Each structure stands twice: as structure tokens, then as C-alpha cells.
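Take a look at the structure set out below.
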Amino acid sequence: MRQVGRVTVPDEEASATFRAAVAGLRSCQDQVQRIRPELCFEEVPAPRTLAPFATAVGATVRVDGAEIATGRFVLLYDPAGQRGWAGPLRVIVYIRAELEPEIAEDPMVGEVAWSWLTEALDARTAGYAEPSGTVTRVVTEGFGAKRAEPRSTGFELRASWSPLGTEAGGPPPEDGADGGLAGHMAAWCGTMCAAAGLAPLAAGVSALRPASRRRSP
């Protein structure tokens, strides 16, 4: 049993709720991959110490056989909530993408990358709270046996937030009015695609279709 405020929640109930959430996220992956074949998903180990329940998904954006962006999406669920969370759920994401040197040197690249994420969340979710994150420029140079490898530039985005207005479980709805947790995964996918320089997703896709959204202050 788990104590949630003044309510005792059976572990079995919490486990079932989280399994439903994972099923909804997998459904979202299937929808995204049908319309964005450049994205490849895989299950990756989830952190074991951050919450009683956790799942993680990795993704890679490939164009013409070249890997141009990678990412990771982690969903944490603690029925009792945690300090700094707005509810029992927390999403953690990571995105790394290659950039042209002149773009990587732009002092606004951090703000632009962060805006890709927040705009995607505003467009595809019912809301979010307590957003936090960093954007880091990355320069990779080879030395020794790797000296001949070309210098590469890119950025890494790390962020977390608490989903609002959604239950832990449930698949994305048919009408696109609210993607639920799937909408948060779709926002992560959209941010990766923006970082990779891909064109915006076509309109009319239920899990990704924009609707009236708001951000929690």
C-alpha cells in the first residue's frame, strides 16, 4: 500500500495505472513512426532511484543513413508526488543534435532550442508545470588515432516538467483534442525533428494535431 495524502493507494492499483501509461506511450510511438519514418525508437534502461515507477524510450533521427539527432524520454510516476513536482508525474527528456558551426556559434541557439520544446508542449499538450532545463553547445574534436576525424558541433538539451490535465494512463484520443501523456512524447519528438532540421509534421495527425493549449505559470 502507498499513502497519497490522506488516501491509501494499493500498489496493484499504482502498477496498473503505470502500465496503462506505458501502453499509451507505445501507441504514440507507433503513430509518430507512421508519419515520421526518420524516427526510430527503442526501449532503454529507466532510472531506478528517481521514482517508484519509471520507463524510458530512446530515439534516433536518421536521414539518408546518417544519424543527425538522438534523444531519450523518461516518464516517472510517484503516486505520492515529490518535491518540485506538480502532481504524481514527471517527464525528463534529452536531445542531442548536430549543428552547422555557424549556427552553433549563434549566441541565441540556446533560447531557440528551448523555444522548440516549449512551443511543442504548448501546441500538443493540455499543459505543464515546473519546467526546468539546460541547453549546452557541444564541440567534438579528434586527437591521436582520431585526429583525422572532422570537427563536429552540436547542442544538447536536457529538460524536465510535470504534465498537467492528464491521467497517468490511457492512449491518445481519436479526435486530437488532447494527446494526454502521448502529447508530451509527441512534443519531445517534434523538438527532435526541429533540431534535426526536418519539416514540420503534416496537419491532421490525431496525436500531434495542435489545439487550444495553455502553459501553467
Side-chain angles (χ1 to χ4, degrees), residues 14-15 17-32 36 39 41-61 69-97 113-136 156-173 178-195 201 207-208 210-211 213-217:
S15 297
T17 299
F18 188 68
R19 286 196 300 271
V22 172
L25 294 179
R26 287 175 177 165
S27 176
C28 178
Q29 293 172 50
D30 293 340
Q31 290 192 36
V32 170
R36 188 60 90 190
L39 269 171
F41 296 99
E42 64 175 342
E43 291 189 16
V44 296
R48 297 180 177 273
T49 60
L50 300 181
F53 301 92
T55 189
V57 176
T60 302
V61 179
T70 59
R72 185 167 60 252
F73 180 99
V74 177
L75 175 66
L76 305 177
Y77 176 48
D78 188 337
Q82 295 187 23
R83 179 177 297 179
W85 294 18
L89 299 167
R90 191 73 178 173
V91 170
I92 302 172
V93 300
Y94 167 81
I95 295 172
R96 189 187 193 285
W114 185 253
S115 72
W116 288 336
L117 177 63
T118 56
E119 289 173 7
L121 287 168
D122 289 340
R124 294 165 180 155
T125 76
Y128 59 101
E130 304 296 338
S132 176
T134 62
V135 177
T136 305
E156 294 180 349
L157 182 150
R158 292 176 170 84
S160 66
W161 64 89
S162 295
L164 297 180
T166 182
E167 298 298 327
D178 175 14
L181 281 176
H184 292 266
M185 174 169 276
W188 166 65
C189 292
T191 305
M192 271 196 298
C193 290
L201 292 165
L208 308 178
R213 297 292 177 257
R214 67 184 183 279
R215 173 177 171 177
S216 171

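It should be emphasised that the depicted structure is a prediction, and the values quoted were computed from it without experimental measurement.
Once rounded to the nearest 0.5 Å, the distance linking CG of L25 with CG of D30 reads 11.0 Å. Separation of atoms CG (L157) and CH2 (W114) is listed at 6.5 Å; rounding is to 0.5 Å. Rounding to the nearest 0.5 Å gives a distance of 4.5 Å between CZ of R36 and SG of C193. Here L181 contributes atom CG and Y77 contributes atom OH; the two are 10.5 Å apart, rounded to the nearest 0.5 Å. The distance from the CZ atom of R124 to the SG atom of C189 is 8.5 Å, given to the nearest 0.5 Å. Considering CE of M185 and CD of Q29, their distance stands at 4.5 Å, rounded to 0.5 Å.
Taking both residues in full, the closest heavy atoms of A21 and L75 are given as CB-CD2, 4.1 Å, listed atom of the first, atom of the second, then distance. Minimum interatomic distance between P79 and A14 (heavy atoms only, all atoms of both residues): CG-CB, 3.8 Å. When all heavy atoms are compared, the tightest approach of A187 to A120 is O-CB, 3.6 Å. Nearest approach of T191 to L117, heavy atoms of both residues: OG1-CA, 3.4 Å. Nearest heavy-atom pair, V57 versus W188, reported as atom, atom and distance to 0.1 Å: O-CH2, 3.9 Å. For C28 against A186, the heavy-atom pair with the smallest separation is SG-N, 4.1 Å.
Crowding of Q82 atom CD: a count of heavy atoms from other residues, nucleotides or ligands under 6.0 Å exceeding 12.
Partners of E119 according to the side chain to side chain donor-acceptor pair (under 3.5 Å) rule, which considers only residues two or more places apart in sequence or in another chain, do not exist here. Evaluation of the side-chain contact (heavy atoms from CB on, under 4.5 Å) rule for A194 yields W116 as partners, not counting sequence neighbours. Here R72 pairs with nothing under the salt bridge (Lys or Arg N to Asp or Glu O under 4.0 Å) rule; sequence neighbours left out. Residues satisfying the side chain to side chain donor-acceptor pair (under 3.5 Å) criterion with W161, sequence neighbours excluded, are H184. Legend: residues meeting side chain to side chain donor-acceptor pair (under 3.5 Å) with T55, ordered by chain and number and at least two apart, are absent. When the salt bridge (Lys or Arg N to Asp or Glu O under 4.0 Å) test is applied to R158, the partners found at least two apart in sequence or on another chain are E156.
Taking 4.5 Å as the limit, every side-chain heavy atom of L89 sits out of range of all side-chain heavy atoms of S162. Looking at heavy atoms from C-beta onward, R26 lies out of side-chain contact with Q31 at the 4.5 angstrom threshold. A 4.5 Å side-chain heavy-atom check between L50 and I92 finds at least one atom pair inside the cut-off. At a threshold of 4.5 Å between non-hydrogen side-chain atoms, the residues F53 and L76 do not count as touching. Looking at L39 and V32, their side chains come closer than 4.5 Å, going by heavy atoms from C-beta outward.
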Take Y128 and V91 through the test side chain to side chain contact (heavy atoms under 4.5 Å, CB included) and record every step on the way to the result. CA-CA 10 Å; Y128 59 101; V91 170; over 6 Å; no
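Counting only distance, with no hydrogens or angles, the side chain of E130 and the backbone of S160 share no donor-acceptor pair below 3.5 Å.
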